[in-house]
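Beneath this line is the structure, given in structure tokens, with notes to follow.
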There are 2 protein chains.
Amino acid sequence: MNISIQVSATLYHKDPTSSEIGLKILSEGIQLMQDLGFEAFTFKKLAQNIQSTEATIYRYFENKHYFLLYLINWYWGIISYRLLLATANVTDARQQLTNSIEVLTGLPDASHPGYMEEEMQLKQIVIQESGKALHTKMVDDENQNGIYLNYKSIVSSVAELVKTIDPSFPYPEMLISNLIENANHQRFFSVHLPRLTNTSPEQDAVVAFSHLIIQKVLQS
Amino acid sequence: MNISIQVSATLYHKDPTSSEIGLKILSEGIQLMQDLGFEAFTFKKLAQNIQSTEATIYRYFENKHYFLLYLINWYWGIISYRLLLATANVTDARQQLTNSIEVLTGLPDASHPGYMEEEMQLKQIVIQESGKALHTKMVDDENQNGIYLNYKSIVSSVAELVKTIDPSFPYPEMLISNLIENANHQRFFSVHLPRLTNTSPEQDAVVAFSHLIIQKVLQS
DNA sequence: CATTTGTGATAGTAATACTATTATTTTTGT
DNA sequence: ACAAAAATAATAGTATTACTATCACAAATG
């Protein structure tokens, strides 16, 4: 039984989950994006990997930029779902926030509720490439097309928890978007520029840092 | 009287500050990078803008990726210098940290000491494009070549202040690199995705947020 | 004044990011 | 089971990009 994750339909021409070859584009595409990185990734190479042609892939995705946006959107869709599970049946707002921070800043783990196969790889792609997806001259158009709704609604709903806990705190959205972005940054630093951080792949400190900030900054 | 800002020599073939045309490459290049964004920026277009040829620009810079790295490095060189000025003759570590946070997360202003013409434009480029410079398959090589030394030494020296003020705080580097990155992110959000933040171009809250975090998190 | 060095002009190449065409296969509705 | 519609594979082609190479000329340098 599969849970379907919402990905904005403006991101594709033809739904890749609706066909065999579409699913192959996704699974091989994730792999190739990770292996090559966004700049070296091409539809031609992907087509060779799935024994198909460029033209076929272009029928699903407008270009590789949209393909990346699709993957990132998918990731945030998974996180949305996991947030839902992590806060359901929890009445205390503090506890809801704690659980949410765990989901947003922690590492994927097959044991947690709502885990999906692709989450690990997608997270790697988000860490490595999401800056390139966002920081484009097209952001404003894409935002208008609702492409960042998944992400914005995550920030918005967790910020609501912050407001409930401490209505006097003046920067709820900033706090949450910061913690989310920071988690990804620090994980990147930990691998490539370890002197910029105090976390490491062996001993993860990102979640602890995030909890600490929340705890110190919010009064309740 | 000009203060010379250090930019790592591994970033260029020929020092662009050593000739008329090199300086034109820099000044017009900054402008064009801002106008077009990294992906649409090409050496051909830049060559046309300065009435020269691609070949000439390639004699200064290996490619546009290195050109961007050069600009970012230049920016951090300016910030390094401003940090120096902002902490000189200040004896109290707390005050030094406060001043440093101001420099790192505040907006360029012609009135502050050490201000340079290019700072404003360079900061815009850092906000928009620095993710693309860093999140590359070449980070590790570039790091080995000392390309991030400016940035790393900034984080390191400000983190030292944190350690002086609160030796028990376990994440000094993470705290500082977070505040630096966050400032740029939030400024990007404020323009393009305002619902993710609580700052706006009209009413800047980034510095206040940063001070708040420092104040709440460090014990002294 | 001779030599090195930098520049401009021009040409050329491989790869990328697509678009277009057509024949063939697969799916679908009846 | 069969006709019609849709999806795919194969192939070709185009504009742009990111370079590299060559060479003649000008400027700076020692």
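Proteins come first, then strands; the chains are lettered A, B, ... in the order of their sequence lines, and each starts at number 1.
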Checklist line | Under 4.0 Å protein heavy-atom contacts per nucleotide of nucleotides 10-20 of chain D, with B for base, S for backbone only and - for none | finding: B------SSBB

Checklist line | For Phe209(A), all residues meeting ring pair (Phe, Tyr, Trp, His ring centres under 6.0 Å), sequence neighbours excluded | finding: Tyr171(B)

Checklist line | Whole-Å distance separating the NZ atom of Lys14(A) from the C1' atom of dA5(D) | finding: 13 Å

Distance-only donor-acceptor hits, side chain of residues 119-126 of chain B, under 3.5 Å, sequence neighbours excluded:
from      : atom 1 : to        : atom 2 : distance (Å)
Glu119(B) : OE2    : Arg82(B)  : NH1    : 2.7
Gln121(B) : NE2    : Gln31(B)  : OE1    : 2.8
Lys123(B) : NZ     : Tyr75(B)  : OH     : 3.0
Lys123(B) : NZ     : Gly106(B) : O      : 3.4

Check: Can you list the residues that meet the salt bridge (charged side-chain N to carboxylate O under 4.0 Å, His left out) rule with Glu102(B), with sequence neighbours excluded?
Finding: none

Margin query: Once side chain to side chain contact (heavy atoms under 4.5 Å, CB included) is applied, do any residues pair with Lys132(A), and if so which ones, sequence neighbours excluded?
Written below: Phe38(A), Glu39(A), Glu129(A), Lys132(B), His135(B)

Checklist line | Nearest-Å distance for atom pair CZ/P, residues Phe67(A) and dT16(C) | finding: 17 Å

Next item on the list: Using the test side chain to side chain contact (heavy atoms under 4.5 Å, CB included), find all partners of Glu160(A) that sit at least two apart in sequence or belong to another chain.
Entry: Lys163(A)

Check: Can you check the Gln48(A) CD to dT8(D) P distance for me, whole Å?
Finding: 19 Å

Next item on the list: Would you please test Thr199(A) and Thr197(A) for side-chain hydrogen bond (donor to acceptor under 3.5 Å, both in side chains) and show each step?
Entry: CA-CA 6 Å; Thr199(A) 188; Thr197(A) 191; 5.5 Å; no

Which pairs would a plain distance check flag for residues 189-196 of chain B, meaning a side-chain donor or acceptor within less than 3.5 Å of a matching protein atom at least two apart in sequence or in another chain?
from      : atom 1 : to        : atom 2 : distance (Å)
Ser190(B) : OG     : Arg187(B) : O      : 2.9
His192(B) : ND1    : Asp140(A) : OD1    : 2.7
His192(B) : ND1    : Asp140(A) : OD2    : 3.3

Next item on the list: Could you list the residues that satisfy side chain to side chain contact (heavy atoms under 4.5 Å, CB included) with Asn49(B), not counting sequence neighbours?
Entry: Glu28(B), Leu32(B)

Check: Which residues pass the ring pair (Phe, Tyr, Trp, His ring centres under 6.0 Å) test with His13(A), sequence neighbours left out?
Finding: none

Item checked: All ring pair (Phe, Tyr, Trp, His ring centres under 6.0 Å) counterparts of Tyr151(A), not counting sequence neighbours -> Trp76(A)

Margin query: Side-chain N or O of Tyr60(B) versus OP1/OP2 of dT7(C): is the shortest distance under 4.0 Å?
Written below: yes

Margin query: With the threshold set at under 4.0 Å for non-hydrogen atoms, list the residues of residues 18-37 of chain B touching DNA chain D in residue-number order.
Written below: none

Check: Over its full length, what angle do the end axes of the helix from dC1(C)-dG30(D) to dT30(C)-dA1(D) make, each axis taken from five pairs and the result rounded to 10 degrees?
Finding: 30°

Next item on the list: List the atom of Asn198(A), the atom of Glu173(B), and the distance in Å for their closest heavy-atom pair.
Entry: ND2-OE1, 2.8 Å

Checklist line | Distance in angstrom units between Ile57(B) CD1 and dG6(C) C1', rounded | finding: 14 Å

Notebook entry, point to check: So what does Phe61(A) touch, heavy atoms closer than 4.0 Å: a base, only the sugar-phosphate, or nothing?
Noted result: nothing

